[in-house]
2 protein chains.
Amino acid sequence: MPELKTKKEQIYEAAARSFRDKGFAATSMRDLAREVGLTASSLYNHIASKEEILQEICFRNARRYLEELDAVEKMTGNSIEKVQALLHLHIRLATEDVTSITAFNDEWRHLSEPYLSDFKQLRRDYENRFKTILREGMAAGELKPLDESIALYTLLSSIRWLYDWYRPGRSMRTEVLERDLVDMLMRGLTLNPARSD
Amino acid sequence: MPELKTKKEQIYEAAARSFRDKGFAATSMRDLAREVGLTASSLYNHIASKEEILQEICFRNARRYLEELDAVEKMTGNSIEKVQALLHLHIRLATEDVTSITAFNDEWRHLSEPYLSDFKQLRRDYENRFKTILREGMAAGELKPLDESIALYTLLSSIRWLYDWYRPGRSMRTEVLERDLVDMLMRGLTLNPARSD
DNA sequence: CCTACCGATCGGTAGG
DNA sequence: CCTACCGATCGGTAGG
């Protein structure tokens, strides 16, 4: 008799929303319990601690981003197409899944050791592999020769406004958003103006 | 017998650093007191409450950004030059002053009413006036016709990585950083590739 | 500027 | 899954 969403999943989702809206530290277990229809103490039949929720959200998403990066690395195509694919990935995850944002943005800071160091390592791996794609593109003359770090962090953070601005069903269509945003970023990166379609 | 920095200023600066590093909610008055060499209760001889510190930081910086925007609006020059000037302003404030970041990014969320609404109104004013500059540039054929909101938020958030990455005196020179970053962003925005120098 | 202390709330547990 | 409760810590105050 499986339910569509387990209570555990409901707790993770409510937590992710609250972490995004108020931050990890300002989210109390009592508020969280109320949102899923339990008392605070009953939460602990589903999860071990407040931080375990954060750990699960952070590492689940880290794995997800790394898997998608695997796929992009194996893609046939030049660096421009690979960078474009990664931008689409980030935009899609940011608009579709609140948990990804919590992991990628600020809340991972509240992990305790050794999880904090582990997460930072995964993040560094991701960044280095993304930078490699940028570097190869610059070497091949496909991308403008910029400082790799500046280019990478600017791309990644330029998408961050989506998480507190974009809400599904609002005025803007996701396809328009994705096209304009990727187009704008790719133009800043490529040697000659290139449309993304 | 005036000191170089009043205790009040020292408290604001330590608080801004802690708000940036750990967030408003995870910053305790006892930690903050230790950093400025006082007991927690002695802080209250200088400030009225924890939130008053946040209010002061947020509104001081809102005023500052709005004043600089005034100056840019009065500038002679086309829209491209005005947008460039605003990007330089944001980069400079992000790299020079930690308090500006706290205000502009997430921590203003922790303001209580009516301060929260007041702050959001100032922010909305700033964004609308920035959008007007973008709109005029697009109408004049100087900027690529994009959705104004996408363009604005992408520009503003693309700079956000500076606050947890950039530290003065690190490998990269501020001038190189500023040149590459503004160049990359302006290329994404202008009809024809334009160098910023 | 400090000591002593407040009520409230926190994450989490015992026991059923 | 709940009631009852814990020790710790929170922002802040009284009084000197």
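Lettering of chains follows the sequences in order, A, B, ..., and the numbering in each one begins at 1.
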Could you check if a side-chain atom of [X] sits within less than 4.5 angstrom of a side-chain atom of [Y], using non-hydrogen atoms only?
X       : Y       : result
I101(A) : N61(A)  : no
S18(A)  : D31(A)  : no
Q55(B)  : F119(B) : no
F24(A)  : I53(A)  : no

(message) Only Watson-Crick and G-U wobble pairs, only distances under 3.5 Å, only runs of 3 or more: what stems does that leave for DNA chain D?
(response)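 Stem list for DNA chain D: C:1-16 with D:1-16.
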(request) Look at the aromatic rings of F104(B) and Y65(B) and report parallel, tilted or perpendicular, splitting at 30° and 60°. (result)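 It falls in the tilted class, 30° to 60°.
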(message) In this structure, how many angstroms lie between the C1' atom of dT9(C) and the CG atom of L32(A), rounded?
(response)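 Nearest whole value for this atom pair: 16 Å.
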(message) Without decimals, in angstroms, what is the distance between I11(B) CD1 and dG11(D) C1'?
(response)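 So the two atoms are 15 Å apart, to the nearest Å.
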(request) Answer with base, sugar-phosphate or nothing: what part of the nucleic acid does L38(A) contact at a heavy-atom distance below 4.0 Å? (result)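 Contact class for L38(A): sugar-phosphate only.
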(request) Taking the six-membered ring for Trp and the single ring otherwise, decide whether the centroids of H110(B) and F19(B) are under 6.0 Å apart. (result)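 No: the rings miss the under 6.0 Å criterion.
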(message) Under 4.0 Å from OP1 or OP2 of dC1(D): is there any side-chain N or O of T39(A) that close?
(response)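 Looking at the OP1 and OP2 atoms of dC1(D), neither is under 4.0 Å from any side-chain N or O of T39(A).
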(message) Checking side chain to side chain contact (heavy atoms under 4.5 Å, CB included) between K82(A) and each of T76(A), L87(A), V72(A), which is the one that passes?
(response)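 Answer after filtering T76(A), L87(A), V72(A): V72(A).
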Please list each protein N or O that sits under 3.5 Å from an N or O in nucleotides 12-16 of chain D, with the distance.
| unit_1 | atom_1 | unit_2 | atom_2 | d |
| --- | --- | --- | --- | --- |
| dG12(D) | OP2 | Y44(B) | OH | 2.9 |
| dG12(D) | OP2 | K50(B) | N | 2.7 |

(message) D97(A) and salt bridge (charged side-chain N to carboxylate O under 4.0 Å, His left out): which single residue from R64(A), R60(A), R92(A), R20(A) fits?
(response)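 Of all the options given, the one that passes is R64(A).
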